[in-house]
Amino acid sequence: MSSPRASWAVERLLPLPGHGPVLRNHTLSARDGVIEGIVPTTGENVQAGSLAMPAFANAHDHGRGLPTLSCGIPDGPLELWVSRLGVEPHTLSFLNAACAFARMAQSGIGAAVHCHNTQNGRTLLQEAQGVAKAAKAVGIRIAFAVPFAGENPFVYESSAPFRDIFDYPDQFPALSASRYRRSLQEGLDITDALAELESETFHVQYGPVGPQWTDRATLEAISARSASTGRRVHMHFFETRLQQEWADATFPEGIVNYFDRIGLLSPRLTLAHGVWLRPDEIELLTARGVLLSCNISSNMRLASGLPPISTIIDKNMKFGIGLDGMSLEDDDDILREARLLRGLMQTTQPASLARVTAASARRSASMP
């Protein structure tokens, strides 16, 4: 049964923020959550001061219903912070995701990329089904990045030399075994199974967690699958200086060049963070149409650094804003995140902000 038709008369309408003019006194009509029409109105029924605009998109998140600080995990350098994950109480994936998605919706987010943190590696499919159910219940559009990982779970190299530094070395094999490693085929099968759940509120992407955590065979298989199916790929990349150093040592040709050689670089790829990208790497990524998610709050809280936003803008690289489940106040306030990015730019890189503002002004009419 269709829902009743709804309408809103607004004083200002921003249909294409930054790319089109502000419209005054318009009525929007919708049915079943879809806008059917936008027409001018006389202004008699317009609510003073009202503004309508598209919902925000959260370019990178983990859907943490329970913030890590609430679980006793302090902010700190990423590599130390990651080692503490897993102490969070296990909750139903539906409840965990629904809580996070509801906070996002409350802050005006209508779509998000969900990089799933698996609670039990053997039940990823069931957890993903709970996330799909939560997305539908809240009404937020979710792109679910199926995690592919298994390499370097403790350090960015073989963990064998570190066995002897543990207080209880005999427990080290058990600790390693506790992190279930799915095979490449298992991950691909789960992706195919989840594709059957795709709907208006749930879509599936390949999610190699990061090159330091994913072997080459997996990266190359995902690149080929993405090219043949058109399915997007979402991956953490160069979040910390240590990850950049690992990549430099592991890929003499340059890891971005390796990605290009295997066909991974394309408009279907989104890289999260990119804090330690170099200008030539940004230039190649831009040429291939790769999208970057900037996650300022997370990068500050986890001592990762700040992305080279000036170079990103100079090279005309497309980028979005992601909360990474680590907004400053754990409230998923994406407007605050946008203000934080702008504040950093105008403080540290005013020339870049001036260029962005000028470009936006050329595209848009002045605010009435």
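- Scanning all heavy atoms of the two residues, the minimum distance from Val290 to Met317 falls at O-CE, 3.7 Å.
- Side-chain atoms of His273 never come within 3.5 Å of backbone atoms of Phe238 as a donor-acceptor pair (strictly under, hydrogens ignored).
- Cation-pi geometry between Arg288 and Phe259 is not met: the NZ or CZ atom fails to fall both under 6.0 Å from the ring centre and inside 45° of the normal.
- Within the 4.5 Å cutoff, side-chain heavy atoms of Val204 are placed close to those of Arg231.
- The main-chain N or O of Leu306 is never found under 3.5 Å from a side-chain atom of Asn299 such that the two would form a donor-acceptor pair.
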task = Please test Gln205 against Thr270 for side chain to side chain contact (heavy atoms under 4.5 Å, CB included), starting from the C-alpha separation and ending with a verdict.
result = CA-CA 10 Å; Gln205 299 186 359; Thr270 297; 5.8 Å; no
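- A distance-only check finds no donor-acceptor pair linking the side chain of Thr347 to the backbone of Leu344 [under 3.5 Å].
- Between the side chains of Tyr156 and Glu79, at least one donor N or O lies within less than 3.5 Å of an accepting N or O.
- Here the side chains of Glu11 and Arg24 are in contact, with some heavy-atom distance below 4.5 Å.
- Although no hydrogens or angles enter the test, the distance criterion places a donor-acceptor pair under 3.5 Å between the side chain of Thr214 and the main chain of Phe148.
- In terms of modelled atom types and a separation under 3.5 Å, the side chain of Glu127 and the main chain of Asn120 share a donor-acceptor contact.
- At least one donor-acceptor pair closer than 3.5 Å links the side chain of Ser107 to the backbone N or O of Asp332.
- Ser297 places no side-chain N or O within donor-acceptor distance of the main-chain N or O of Ser327, the cut-off being under 3.5 Å.
- Looking at Leu285 and Leu292, their side chains never come closer than 4.5 Å, going by heavy atoms from C-beta outward.
- At most 12 heavy atoms of other shown residues, nucleotides or ligands fall within 6.0 angstrom of atom CG in Asn45.
- Looking at Ile255 and Phe237, their side chains come closer than 4.5 Å, going by heavy atoms from C-beta outward.
- Around atom CD of Glu253, more than 12 heavy atoms belonging to other residues, nucleotides or ligands sit under 6.0 Å away.
- Between the side chain of Gln243 and the main chain of Glu239, a donor-acceptor pair closer than 3.5 Å is present.
- A donor atom on one side chain and an acceptor atom on the other are found under 3.5 Å apart for Gln185 and Asp189.
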inquiry  = As a quick check of understanding, evaluate salt bridge (charged side-chain N to carboxylate O under 4.0 Å, His left out) for Asp324 and Arg301, giving each step before the final call.
reply    = CA-CA 11 Å; Asp324 199 23; Arg301 291 180 60 177; over 6 Å; no
Arg181 vs Asp215, salt bridge (charged side-chain N to carboxylate O under 4.0 Å, His left out): CA-CA, chis, key distance, verdict = CA-CA 12 Å; Arg181 178 177 176 175; Asp215 61 54; 3.7 Å; yes
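- Of the possible polar contacts, one joining the Arg103 side chain to the Gly65 backbone as a donor-acceptor pair under 3.5 Å is found.
- Heavy atoms from other residues, nucleotides or ligands lying under 6.0 Å from CZ of Arg241 number 12 at most.
- Around atom CD of Glu200, no more than 12 heavy atoms belonging to other residues, nucleotides or ligands sit under 6.0 Å away.
- Between Leu16 and Pro54, every side-chain heavy-atom pair lies at or beyond the 4.5 Å cut-off.
- Residues Tyr258 and Glu220 form a side-chain contact, since some pair of their non-hydrogen atoms from C-beta on lies under 4.5 Å apart.
- Relative ring orientation between His114 and Phe101 is described as perpendicular, the plane-to-plane angle rising above 60° on a 0-90° scale split at 30° and 60°.
- The main-chain N or O of Gly263 is found under 3.5 Å from a side-chain atom of Ser223 such that the two form a donor-acceptor pair.
- The side-chain heavy atoms of Lys318 and Pro267, taken from C-beta on, include no pair separated by under 4.5 Å.
- Between His236 and His234, the ring centre distance reaches or exceeds 6.0 Å.
- Paired with Arg225 under the rule side-chain contact (heavy atoms from CB on, under 4.5 Å), one option of Asp192, Thr191, Val233 passes, and it is Asp192.
- Counting non-hydrogen atoms of neighbouring residues, nucleotides and ligands closer than 6.0 angstrom, the CD atom of Gln106 reaches no more than 12 such neighbours.
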